[in-house]
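Have a look at the structure below before the remarks.
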Amino acid sequence: DQEIEKNTLKAINEAEQVFLSKLFTTVAGNFPDDAFSVESLSKEIGMSRPHLYRNVRHLTGISPVAFIRNLRLNKALGLMKQRKKNITEIALEVGINNPSYFAKCFHEKYGIVPSQFAV
């Protein structure tokens with residue numbers, strides 16, 4: 001599994017690595033902002049939406065919307081493992097204001113609802 005990751009990383013050139021790093025940093029810096037969207041990301045990155053879409057899709061295999069959502073859910077999972085906050089607080093902290101939408105997305109990604117994970 002790590003060998004696959006190494007081969008994938010070799011296929012990414014330096015410019016693509018810089019772009020991915022900027023993507024991760026930009027999205028992570030805007031976690032609490034529920035209004036942060038693909039439009040916001042494209043403005044902060046300095047790239048048109050179609051160009052951003054093509055680059056993100058090419059490098060990750062998913063759309064920018066899915067990329068943002070996945071990073072938010074990964075952050076939420078990390079926060080849930082710490083067991084310091086309740087599910088609603090975590091959802092808000094990662095920029096998802098609707099608890100039922102958060103539960104739906106979490107279930108789709110991890111196969112369990114957040115309340116089951118928190119037990």
Any [X] side-chain heavy atom under 4.5 Å of [Y] side chain:
X: F102; Y: V113; result: no
X: F106; Y: R72; result: no
X: I87; Y: P99; result: no
X: N86; Y: E89; result: yes
X: D34; Y: I96; result: no

Straight-line distance of [X] [atom1] to [Y] [atom2], nearest 0.5 Å:
X: H58; Y: E16; atom1: NE2; atom2: CD; answer: 4.5 Å
X: L79; Y: N74; atom1: CG; atom2: CG; answer: 11.0 Å
X: I45; Y: S40; atom1: CD1; atom2: OG; answer: 11.5 Å
X: Y110; Y: L77; atom1: OH; atom2: CG; answer: 4.5 Å
X: I68; Y: L41; atom1: CD1; atom2: CG; answer: 5.0 Å
X: T26; Y: K43; atom1: OG1; atom2: NZ; answer: 14.5 Å

Minimum heavy-atom distance [X]-[Y], with the two atoms named:
X: P64; Y: V38; result: CB-CG2, 3.8 Å
X: S63; Y: R57; result: N-NH1, 3.9 Å
X: S42; Y: S48; result: CB-C, 4.2 Å

Under 3.5 Å: donor-acceptor pair, side chain of T60, backbone of V56:
yes

When you measure from the side chain of N30 to the backbone of D33, do you find a donor-acceptor pair of N or O atoms at a distance under 3.5 Å?
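No: the side chain of N30 does not pair with the backbone of D33.
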
Candidate pair V94 and L71, rule side-chain contact (heavy atoms from CB on, under 4.5 Å), full reasoning:
CA-CA 9 Å; V94 298; L71 287 183; over 6 Å; no

Given Y101 and R69, is the side-chain contact (heavy atoms from CB on, under 4.5 Å) satisfied, shown in steps?
CA-CA 11 Å; Y101 178 70; R69 184 175 46 245; 3.4 Å; yes

Would the number of heavy atoms belonging to other residues, nucleotides or ligands and lying under 6.0 Å from NZ of K85 be above 12?
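Atom NZ in K85 is not packed in, count stays at 12 or less.
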
Looking at residues at least two apart in the chain, or sitting in another chain, which of them share a salt bridge (charged side-chain N to carboxylate O under 4.0 Å, His left out) with K104?
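Expected list: E108.
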
Considering residues at least two apart in sequence or located in another chain, which fulfil the salt bridge (charged side-chain N to carboxylate O under 4.0 Å, His left out) criterion with E39?
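By the salt bridge (charged side-chain N to carboxylate O under 4.0 Å, His left out) rule, E39 matches R49.
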
Please check if the distance between the ring centroids of F67 and F24 is under 6.0 Å.
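That pair passes the under 6.0 Å test.
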
State yes or no: do Y53 and L23 share one hydrophobic cluster built from I, L, V, M, F, W and Y residues joined by side-chain heavy-atom distances below 4.5 Å, directly or via other members?
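No; tracing contacts between hydrophobic side chains, which count when under 4.5 Å, never links both residues.
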
